[in-house]
Each structure stands twice: as C-alpha cells, then as structure tokens.
Amino acid sequence: MIIGIIGSGAMGAGIAQVAATAGHTVRLLDQTEAALARAQQSIQANLRKLAEKGKLTGAAVEAAVARVQPTRDYLDFSDCGLVLEAIVENLDAKQQLFRQIESTVSAECVLASNTSSLSITSLAAACQHPERFIGIHFFNPAPLMQLVEVIPAVQTRPGLANEIKQLLHAWGKVPVLAQDTPGFIVNRVARPFYGEAIRLLEEGLADAATIDWATTELGGFRMGPFALMDFIGHDVNYRVTESVFTSFFYDPRYKPSFTQKRLLEAGYLGRKSGRGFYNYQEGAPPPEPVRDAELGRTILHRILAMLINEAADALAFQVASRDDLELAMTKGVNYPKGLLTWADELGLPNVLATLDQLYDDYREDRYRASALLRRMVRAEQTFFPQEALANR
Ligand SMILES: NC(=O)c1ccc[n+]([C@@H]2O[C@H](COP(=O)([O-])OP(=O)(O)OC[C@H]3O[C@@H](n4cnc5c(N)ncnc54)[C@H](O)[C@@H]3O)[C@@H](O)[C@H]2O)c1
C-alpha cells in the first residue's frame, strides 16, 4: 500500500520514516520546499544512525530513503491507500485540506489525522465520505515512541479501527484504541502529573527540585514533572492543558495554572530558551532537592492519587480499555508502570482516602474521586486479578 503524508515537519517526517522502513512507498507533501528538504535530510540521518548501530543494513537504509518521495502535488495521492495529515494544529486549515484532497484520492483511500487536540469527528465532518476517516495519533519522536492512539470518529465505519491497528502492528508499533474525547488517552490521563506538581509548588509544600526528586527517586518516573515540562516547553505543555480544559467545558479538574502561564508570558519556555522552572544558563547552580523521605512520599502519593483517579475515570467513561490504558501510559509517556496496576499495588482504599482527604480539605471539584474507584473500594475489588499482582 502506498502511504501519503501531508506536512513534513517533526511528526510528518517521523511517520514517513516509520512507514518507509516498514516497506511502504511514501508520498510526502509539504507546502514548502524547505520543509521537504529538511525532512529528507532528517530521515536519511536517522536511518544512517541506525545502520551505524547495526540495526539496519546499509542497503535497507538506502532502499527506505528511496521509498520516500517528496511532492507538492495532491494528484500524487491518487494511488494511496492511506493519507495521513500532520500539518499545523488548526481546525480550519485541516478541514480545508481534507475538502481539497478528498477529490484527488481513490474511493477506497483511508483519510487520517495526527491531531493531538482537535476532535476527530469535527475533521471527519469536513469530508464527503466521513466513514473512511480516523485519528492516528503518533507520539514524538514517531520512529522511537511505540505507542499510537487510534481514534475512530463518530462517523467512522466499523472495522476501520481494527484494520489500522493491524497496519500499525506491522509497523512495529503498539496501537491502542481511544474514544474521541479531549486529549484522547495520554494527553488526558497525564495532566495531573504536571498540574498537581505545580499545585504543590504553589502551596509551598516543596520546591521544584524536591518534587522532581520524589517522583524520580521514590516513584521511578524517568523525569520529574518540572524537568519534563521544561523539556517539553511551556508553550506546548501549557497549550495542551488549556486545550484539554476548554474542550472539557471548563471542568476544574483540568484547570491550567497561573504559575505556568506566567512562565510562558515571561518567555521562560524551558530548556529551549535557557530558562523555565530551572535555570539552564552556564554557571547556574544545580538545583538541590530536600531529600526528606516522608515529605517525598507525601508528594508522590498526592500526584499518584490524582493520576490514578484520572485513569480510573477514563476507564469509567470508556475512553479506553483497562489494558490499553496501561499500555498508553507505559509506552506513550514511559511511566514505570501502568496507573491501574499501581493503584492495585498501593491499595485502592489508600488511593481513595488520599483523594477524599484532599477533597475534604479544599472542597474543590478538582479532587473529586472517580465513582468507579469508590464503588470498587466498596466491593473490595482490584483492577487486575490478585494472582496477577502477586506474580509481578
Ligand atoms: N510535535 C509533537 O509533539 C506532536 C505529537 C503528536 C501530534 N502532533 C500533531 O501533529 C501535527 C504536526 O505537528 P508538528 O509538530 O510536526 O508540526 P511542525 O510545525 O513541525 O510541521 C508542520 C508542517 O506542516 C506544513 N504545513 C502546514 N500547513 C500545511 C498545508 N496546508 N499543506 C501542507 N503542509 C502544510 C508546514 O510547512 C510544516 O512543515 C499537529 O497536528 C500536531 O498537533 C504533534
């Protein structure tokens, strides 16, 4: 099958590399020649690095590079079986694009979007044949991140999501099925990792370095929330939070923070601007955490309880299955374990007690416990069979 990709920026180039490595001819389109040239260079460089590490032969690299065909002409998509867009994150631009390309592709061609924050259903609605439309959400960098969220629109024909999952399996990816709800799985469930950490900082319970220490050293997360936000960039991270918050009709659970908004306003975008929560300028003193085990556990349990609550609610509202939720958070954001597994290990009554204590203290909707969690505690249930827990 020939794959068409529109937008050859960070994501489009990465997805093109994945598809070409899996043996597909890829037609890669961008509105600028410069972006196409950059994409080809980055694909070549990435694949040659793999060859140097012995993961691909030189011949396989050259063949994959040759399979990526740059184009500026939509007519080159006429023989594609799948056309996926990764252009700018703008509803009007994407809808206009799909209106244009639908007349140039074959009747069987599947149309897809890599959007992170727009409703798949609203994009499908721009098409004459919305039943062939689906969300295929890769993570950055696409060649390295295994997780891909597959999101059927309301109009998507039954069976298409499974066909796309099979294709992604063949590409060596780990696909999960997500309902078309704001943030899909990962960008929704991960929100408290940032939001609750900032809340702890705002309340003066601990500084950024201590919260990062608690989550990495005691929790096993690869990066602490502040180091991670600085790495992602506050422009990107704040906008995702804001978009999830507004898309959820202003549910206070997802409320963005003034602290992060001010960093953005100051131009303290994180690593890329030399300053965010931390100072990355040369000579800046390294941050020193307060290594207090009890404080660390309090911090970790509060952040974990909020993450688990979000995962439980996503399960309760059928955003994803139990197993897909676990895969999403371990493969999409590299959490040390799935949040539902973690909940079982901590004990659901303990998680619920942490949430209820927070709710009692603050009387904010932000801390309302998922009804699923409460019912499970009442019924003395766990997310996974207890034997599975014992064998882990
Ligand atoms: N960067 C991420 O971490 C990430 C992760 C997952 C999904 N996404 C989503 O993927 C999409 C692309 O993101 P990105 O980070 O690769 O952006 P990017 O800015 O790196 O690349 C976008 C590319 O699209 C091109 N483009 C814009 N409008 C176009 C049009 N009408 N026709 C053809 N080409 C056009 C631009 O020239 C540019 O090369 C967005 O929808 C974004 O939300 C991004």
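On a predicted model such as this, the values are computed, not experimentally measured, just so you know. All ligand and atom numbering here is 1-based and tracks the order in the structure.
Checked options E326, E345, M329; the residue passing with K337 is E345 (criterion: side chain to side chain contact (heavy atoms under 4.5 Å, CB included)).
Short contacts between ligand 1 and A86, defined as distances under 4.0 Å to a heavy atom of the residue, involve ligand atoms 11 (C), 12 (C), 22 (C), 24 (O). Taking every heavy atom of N140 and a limit of under 4.0 angstrom, the matching atoms of ligand 1 come to 1 (N), 2 (C), 3 (O).
Counting only heavy atoms of the protein, atom 7 (C) of ligand 1 lies nearest to S116 OG, 3.0 Å. When only non-hydrogen protein atoms are considered, atom 21 (O) of ligand 1 lies nearest to G9 CA, 3.2 Å. The protein heavy-atom contact nearest to atom 34 (N) of ligand 1 is Q31 N, 3.3 Å. Protein heavy atom closest to atom 6 (C) of ligand 1, with residue, atom name and distance, is F138 O, 3.1 Å. The shortest contact between atom 10 (O) of ligand 1 and any protein heavy atom is with N114 ND2, 3.0 Å. With respect to atom 39 (O) of ligand 1, the closest heavy atom belonging to the protein is D30 OD2, 2.7 Å.
No N or O atom of T115 sits closer than 3.5 Å to an N or O atom of ligand 1. Note: no N/O pair closer than 3.5 Å links F139 and ligand 1 by distance alone. At least one N or O atom of K94 sits closer than 3.5 Å to an N or O atom of ligand 1.
In this structure, H137 counts as a contact residue of ligand 1, since one of its heavy atoms falls inside 4.0 Å of the ligand. Proximity of A93 to ligand 1 is not established, as no heavy-atom distance is less than 4.0 Å.
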> Could you go step by step and tell me if I134 and V110 meet the side chain to side chain contact (heavy atoms under 4.5 Å, CB included) rule?
Replying inline: CA-CA 8 Å; I134 195 156; V110 172; 4.1 Å; yes
> What do the steps show when you test D207 against T210 for side-chain hydrogen bond (donor to acceptor under 3.5 Å, both in side chains), and what is the final call?
Replying inline: CA-CA 5 Å; D207 60 13; T210 302; 2.6 Å; yes
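Between R262 and E265 a salt bridge is recorded (basic side-chain N to carboxylate O distance below 4.0 Å). With respect to E364 and K255, no salt bridge is recorded, no charged nitrogen being found less than 4.0 Å from a carboxylate O. A salt bridge between E52 and R48 is absent, with no side-chain N of the basic residue lying under 4.0 Å from a carboxylate O of the acidic one. Using a 4.0 Å cut-off between charged nitrogen and carboxylate oxygen, E89 and K94 count as a salt-bridge pair. Checked for salt-bridge contact, E242 and K261 miss the test: no charged N lies under 4.0 Å from a carboxylate O.
Remark: atom 3 (O) of ligand 1 lies closer than 4.0 Å to at least one protein heavy atom. Distances from atom 19 (O) of ligand 1 to the protein include no heavy-atom value under 4.0 Å.
Of the candidates V88, L84, L97, I87, it is I87 that places a heavy atom closest to atom 40 (C) of ligand 1. Considering E33, E89, M11 only, the shortest heavy-atom separation from atom 43 (O) of ligand 1 involves E89.
In A35, the part holding a heavy atom less than 4.0 Å from any atom of ligand 1 is the side chain.
Between Y254 and F248, the ring planes lie parallel to each other; the angle is under 30°, not in the 30° to 60° tilted range.
Remark: D323 pairs with no residue by the side chain to side chain donor-acceptor pair (under 3.5 Å) rule, at least two apart or across chains.
Taking Ile, Leu, Val, Met, Phe, Trp and Tyr as hydrophobic and joining them when side-chain heavy atoms fall under 4.5 Å apart, one finds L264 in a cluster with Y238, L269.
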